[in-house]
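Beneath this line is the structure, given in structure tokens, with notes to follow.
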2 protein chains.
Amino acid sequence: MHFPNFNHLRSFWVTAKAGSLRAASQRWHFSQPTLSEQIKQLEESLDTALFQKVGGRLALTEAGRRAFDYAEQIFALGSELVEKSQAEPSVRGLSLAVGVADTLPKLLSWSFIRPALNLPQPVRLICREGDVSSLLEQLTTFRLDVVLSDEAAPAHLNPPAFSQKLATSGLSFLANAALAKKLRRRYPESLDQAPIIFPARGTAMRVALDKWFHDRGLQPTAAAECDDSAMQKAAALDGVGFVAVASIEVESVRERYGFEVVGSADDCQLSFYAITAMRKIRHPAVAAILQKPIV
Amino acid sequence: MHFPNFNHLRSFWVTAKAGSLRAASQRWHFSQPTLSEQIKQLEESLDTALFQKVGGRLALTEAGRRAFDYAEQIFALGSELVEKSQAEPSVRGLSLAVGVADTLPKLLSWSFIRPALNLPQPVRLICREGDVSSLLEQLTTFRLDVVLSDEAAPAHLNPPAFSQKLATSGLSFLANAALAKKLRRRYPESLDQAPIIFPARGTAMRVALDKWFHDRGLQPTAAAECDDSAMQKAAALDGVGFVAVASIEVESVRERYGFEVVGSADDCQLSFYAITAMRKIRHPAVAAILQKPIV
DNA sequence: AAAATACTTCGGTTTTTCCGAACCCATATT
DNA sequence: AATATGGGTTCGGAAAAACCGAAGTATTTT
């Protein structure tokens with residue numbers, strides 16, 4: 001990654017804004033030589049002429065205009081940063097940033113998070129979704145307080161991350177009424193060649209599913225493959241195929257989507273983890289999440 | 001205007017990204033003390049703690065997370081600026097940045113601009129709209145090549161701007177068929193109390209109009225007041241009121257909108273100007289615009 | 001309790017920033 | 001044509017920062 005020298009960029013920007021070195025030097029209390037030299041250095045580092053001389057004056061070149069547009073944005077952001085920092089938000093609440101692996105069922109995730117909101121102090125919740133590895137990166141850099149995932153963090157991550165099991169559950173297969181009726185008949189053989197909506201390749205649930213099917217010699221046909229569990233359910237609603245969900249969330253999913261149970265696979269175990277950046281938990285809201293292992 | 005020290009911000013950003021001074025110092029080839037000190041200075045200048053110590057490590061505070069979001073954007077822009085500057089050439093055309101006063105009729109403006117596109121070399125046209133004063137500022141700082149306006153630039157502007165008259169024209173009043181039929185009957189007395197769609201206060205056309213009405217003791221009722229001439233016409237289409245347009249554009253407006261003429265006021269003169277930053281015109285496309293005065 | 005990890009402080013070197021003075025060039029004025 | 005005037009540039013040096021290595025301190029993990 002390569003950046004412009006922001007001091008030089010500032011000189012360029014104020015000069016372009018003011019229309020001349022002279023005007024800029026007066027308005028911003030820099031000397032002409034300073035501006036002139038810094039602009040020259042910026043031009044060198046960008047390897048482009050930003051100004052051209054047109055009759056004793058400086059005029060922006062094509063590249064100069066483009067650079068100016070960037071500079072406008074950059075300095076607007078910079079000045080906003082300063083302002084927003086001064087005005088400390090009066091909301092003196094605890095804030096909790098949770099990363100939720102996008103493969104995780106949202107309803108289940110929410111049940112994990114809920115205890116964090118029942119604290120004496122008010123908690124401002126920030127939820128971010130993403131794939132596990134990017135969430136872990138944000139976690140270890142303290143941009144997230146805790147990550148919910150269906151897999152434990154790699155053992156010797158550096159900086160380290162600590163996983164705690166929140167729940168373990170078997171698996172159940174659900175589908176909309178019509179499809180469920182058909183598939184229930186001779187479960188589990190009926191799943192062979194049946195349309196399934198898979199979670200994304202490489203996720204813990206997908207691995208477990210593949211193994212389970214393989215062990216039984218079943219080969220469902222992949223009707224769809226969705227990262228997001230809500231998306232899977234939307235597809236299932238439409239009868240695209242059946243889905244696998246953790247048994248502990250079957251009830252709430254049935255209620256919400258009107259699915260019916262095709263069958264269950266309790267020997268296919270899934271676990272859910274809360275991952276933190278330190279073993280000792282200081283954040284009270286995170287502690288609340290960890291103190292209530294559901295299973 | 002007040003900015004953060006971008007070097008300090010960089011230190012903060014890389015550290016937040018890396019999760020620790022140590023990691024950041026390795027990845028970005030700075031020493032820990034450098035990062036540590038610069039971050040401290042940033043915190044002082046922003047008057048906020050960006051990091052807090054939570055067990056021997058640094059964790060972002062609330063303000064730190066916000067600042068980090070700004071920093072992400074700022075450095076993304078910075079790096080983009082560098083990249084886009086390197087990849088310069090490709091479009092080897094002349095580029096022409098025209099500022100068009102938003103009160104100006106678009107069709108007429110276009111007729112002024114068109115000659116610029118009939119040059120031997122290809123021209124890449126950039127049109128910006130705005131109020132005259134902001135356009136003039138952009139012009140004198142060479143972010144625009146020429147400004148089209150219905151008023152000449154103030155005489156002793158610094159830096160100077162030079163106006164050249166492109167066209168002069170009387171005024172005509174137009175309205176949709178129904179309203180025009182009614183107003184045509186006893187023009188111009190019929191305009192008294194009639195609903196008019198005014199251009200914005202303070203524009204040259206508005207001033208001329210006001211004077212013309214005042215001289216004749218007419219008081220149309222302002223049904224609307226629009227900055228943008230296209231907006232006026234849209235309103236007029238709807239029968240909200242009648243509009244005043246330059247006589248030279250009557251034909252094209254009638255054709256386009258199906259308006260009918262209520263009457264004309266040839267003694268109410270309007271002029272249109274091209275304003276440049278320098279008397280001597282070097283830009284061939286601008287020269288083309290100036291060489292074809294329509295009236 | 002020891003070991004490991006991670007942040008700070010300190011003193012000094014190297015770079016960068018920044019300025020005043022002098023110089024140059026185009027345009028506008030006389 | 002000669003001369004202001006309004007810019008821009010070059011030069012040398014002073015002041016301020018950026019930056020580092022070494023040593024010091026604190027906390028967590030084992």
Side-chain angles (χ1 to χ4, degrees), chain A residues 3-12 14-16 18-45 49-60 140-142 155-162 276-282, chain B residues 3-12 14-16 18-45 49-60 140-142 156-160 162 276-282:
Chain A
F3 300 115
N5 179 319
F6 286 84
N7 281 333
H8 299 173
L9 188 64
R10 164 169 52 53
S11 290
F12 162 70
V14 299
T15 303
S20 73
L21 291 181
R22 211 157 162 7
S25 69
Q26 285 166 197
R27 220 169 292 171
W28 293 83
H29 302 293
F30 284 103
S31 70
Q32 278 183 45
T34 299
L35 298 175
S36 176
E37 274 164 14
Q38 294 204 354
I39 292 169
K40 202 203 294 176
Q41 289 183 54
L42 181 64
E43 289 180 322
E44 270 164 27
S45 82
L50 264 15
F51 284 113
Q52 56 193 313
K53 289 240 287 226
V54 29
R57 308 181 56 112
L58 294 182
L60 284 170
T140 52
T141 57
F142 293 94
H156 295 297
L157 207 58
N158 186 354
F162 305 94
T276 55
M278 308 221 310
R279 196 179 296 287
K280 227 188 231 170
I281 304 305
R282 281 195 176 73
Chain B
F3 301 114
N5 180 320
F6 286 84
N7 281 333
H8 299 173
L9 189 64
R10 164 171 50 54
S11 290
F12 162 72
V14 299
T15 303
S20 73
L21 291 179
R22 226 166 115 56
S25 69
Q26 284 166 200
R27 221 168 291 170
W28 292 84
H29 303 293
F30 285 103
S31 71
Q32 279 182 45
T34 299
L35 297 176
S36 177
E37 277 162 13
Q38 294 204 354
I39 290 169
K40 201 202 294 175
Q41 291 182 55
L42 181 63
E43 289 179 323
E44 269 163 28
S45 83
L50 264 16
F51 284 114
Q52 59 195 133
K53 289 239 286 229
V54 29
R57 312 181 52 115
L58 295 182
L60 285 172
T140 52
T141 57
F142 295 95
H156 294 297
L157 208 57
N158 185 356
F162 305 94
T276 55
M278 308 222 311
R279 196 181 295 286
K280 228 187 227 172
I281 305 304
R282 284 193 175 73

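Note that the coordinates shown come from a computational prediction; the quantities given were computed from them, not determined experimentally.
- Proximity note for B/R10 (side chain, C-beta onward) versus C/dT17, D/dC19, D/dG7: the nearest is D/dC19.
- Put simply, the side chain of A/T15 reaches to within 4.5 Å of the side chain of A/F51, judged on heavy atoms.
- Within residues 27-38 of chain B, the residues that place at least one heavy atom under 4.0 Å from DNA chain C are, in residue-number order, B/Q32, B/P33, B/S36, B/E37.
- Separating the CG atom of A/L21 from the P atom of C/dC25 is a distance of 17 Å, rounded to the nearest angstrom.
- As a whole-Å value, the separation of B/Q41 CD from C/dT9 C1' is 14 Å.
- Using a 4.5 Å heavy-atom threshold, the side chains of B/L42 and B/L9 count as touching.
- A sub-4.0 Å separation between OP1 or OP2 of C/dT17 and a side-chain N or O of A/H8 is present.
- Residues passing the side-chain hydrogen bond (donor to acceptor under 3.5 Å, both in side chains) test with A/T141, sequence neighbours excluded: A/R143.
- With contacts defined as side-chain heavy-atom distances shorter than 4.5 Å, the pair B/L58/B/K53 qualifies.
- No donor-acceptor pair closer than 3.5 Å links the side chain of B/S36 to the backbone N or O of B/Q32.
- Close to C/dT9, at under 4.0 Å from its OP1 or OP2, lies a side-chain N or O of B/K40.
- Here B/N5 reaches the OP1 or OP2 of D/dA18: one of its side-chain N or O atoms lies under 4.0 Å away.
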Listing time: all N or O pairs from protein to nucleotides 2-5 of chain C that are below 3.5 Å?
none

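- If you measure from atom CD1 of A/I39 to atom C1' of C/dC18, you get 14 Å, rounded to the nearest angstrom.
- With rounding to whole Å, B/L9 atom CG is found 17 Å from D/dA17 atom P.
- Side-chain contact check for A/Q38 versus A/N7: some heavy-atom pair is nearer than 4.5 Å.
- Residues B/F12 and B/E43 are not in side-chain contact: their nearest non-hydrogen atoms beyond the backbone lie 4.5 Å or more apart.
- Rounded to whole angstrom, the span from the CG atom of B/L60 across to the P atom of C/dC7 amounts to 12 Å.
- Rounded to whole Å, atom C1' of D/dG6 lies 12 Å from atom CG of A/L58.
- Heavy atoms only, all atoms of each residue included: A/V14 and A/S11 are closest at CG2-O, 3.3 Å.
- The minimum heavy-atom distance between B/S25 and B/S31, with the atom names listed, is CB-C, 4.0 Å.
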